[in-house]
Amino acid sequence: MKLLDREFYNRDSLLVAQDLLGKVLVHEIGGQRISAKIVETEAYMGVEDKAAHSYGGKRTPRVEVMYGGPGYAYVFLIYGMYNCFNVVTREQGTPQAVLVRAVEPLEGVDVMAQSRFQLTCRQLSKSQTKGLTNGPGKLCKALAIDKRLNGEDLCGSRLYIEEGGPGNFTIVSAKRVGIDYAEEAKEFYWRFYIKDNQYVSVK
DNA sequence: TTGTCGATGTTCT
DNA sequence: GAACATCGACAAC
């Protein structure tokens with residue numbers, strides 16, 4: 001399967017966020033492939049976006065990776081408990097990113113079930129299966145993504161994104177989630193998801 | 001089914 | 001000391 005190259009990420013987050021839908025996020029751990037289809041994303045447009053960590057050109061140790069160039073992972077801890085996984089976009093010095101909000105499990109589902117609930121895939125209840133990866137904190141737990149992967153090169157061989165199948169779907173755009181502090185920016189339709197996919201976090 | 005609420009710890013002021 | 005790109009428990013209906 002074809003790996004997304006550096007140039008794919010070297011564009012505005014609004015484009016990358018939409019193009020990432022249907023693509024496959026892969027984490028290789030000890031030779032085991034854990035993979036999932038991306039079904040929901042949010043664009044963070046950097047310096048001009050009041051919801052972005054890099055708003056106004058803010059530059060702190062945490063957000064430094066967003067300034068480093070396209071195709072790297074930006075992973076941060078939120079609410080003291082959950083990690084969020086982002087893809088850095090745009091050229092070096094322009095700090096944009098795309099938050100991956102939800103994915104649909106493909107390979108290594110037993111590993112995901114173990115990480116989230118200490119159960120095998122077969123033992124999951126219906127609601128546990130549905131809730132396995134339908135949120136930014138949940139998918140990080142399921143795919144074993146944490147702060148150690150902050151700055152990881154997505155054009156490498158450990159954590160990467162590849163072309164999905166030919167899948168046919170409709171993209172829905174909606175307001176972003178959990179950014180009530182962002183004044184007018186919270187009204188922007190910068191969240192994108194695959195219509196009718198059951199793993200989308202908020203319809 | 002909907003809602004409200006608190007956990008938890010890093011980061012920045 | 002405050003804020004935070006979330007989640008799950010639990011109550012009320």
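All chains are named by letter (A, B, ...) in the order of the sequence lines, taking the proteins before the strands, and each is independently numbered beginning at 1.
Looking at A:Asn134 and A:Lys130, their side chains never bring a donor and an acceptor atom within 3.5 Å of each other. Judged purely by distance below 3.5 Å, without hydrogens or angles, the side chains of A:Glu48 and A:Tyr55 never pair a donor atom with an acceptor atom.
In this structure, A:Arg101 reaches the sugar-phosphate backbone alone: every heavy-atom distance under 4.0 Å involves primed, P, OP1 or OP2 atoms, never a base.
Classification of A:Glu183 and A:Lys50 as a salt-bridged pair holds, one side-chain N sitting under 4.0 Å from a carboxylate O. Taking a cutoff of 4.0 Å between a charged side-chain nitrogen and a carboxylate oxygen, A:Asp19 and A:Arg11 qualify as a salt bridge.
For the pair A:Phe188 CZ and C:dA5 C1', the computed distance is 16 Å after rounding to whole Å. Taking atom NE2 on A:His53 and atom P on C:dC4, their separation rounds to 9 Å, with Å as the unit. When the C1' atom of C:dT6 is taken as reference, atom CG of A:Leu99 falls 11 Å away, rounded to whole Å. As rounded to whole Å, 8 Å separates atom P of C:dT6 from atom OH of A:Tyr181.
Between A:Arg101 and A:Val200, the closest side-chain pair of non-hydrogen atoms is not below 4.5 Å. Counting heavy atoms from C-beta on, the side chains of A:Thr133 and A:Met112 come closer than 4.5 Å.
Annotation: A:His53 is in aromatic contact with A:Phe76 [ring centroid separation under 6.0 Å].
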Assess whether side chain to side chain donor-acceptor pair (under 3.5 Å) is satisfied between A:Tyr44 and A:Glu42, documenting all intermediate values. CA-CA 7 Å; A:Tyr44 285 86; A:Glu42 280 179 3; 2.6 Å; yes
Test salt bridge (charged side-chain N to carboxylate O under 4.0 Å, His left out) on A:Asp180 and A:Lys186; report intermediate values, then the result. CA-CA 6 Å; A:Asp180 286 345; A:Lys186 73 176 190 235; 5.2 Å; no
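Not a single donor-acceptor pair under 3.5 Å links the side chain of A:Glu187 to the backbone N or O of A:Lys175.
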If the sugar-phosphate is the primed atoms plus P, OP1 and OP2 and the base is the rest, what is the B/S/- string for nucleotides 8-13 of chain C, using protein heavy atoms under 4.0 Å? S-----
In B/S/- notation (B base, S sugar-phosphate only, - none; protein heavy atoms under 4.0 Å), nucleotides 8-13 of chain B written 5' to 3' is BBSSS-
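A continuous path of ILVMFWY side-chain contacts below 4.5 Å connects A:Phe85 to A:Phe8, so both sit in one hydrophobic cluster.
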Pairing string of DNA chain B (Watson-Crick or G-U wobble, both atom distances under 3.5 Å; | = paired to other strand) is |||||||.||||.
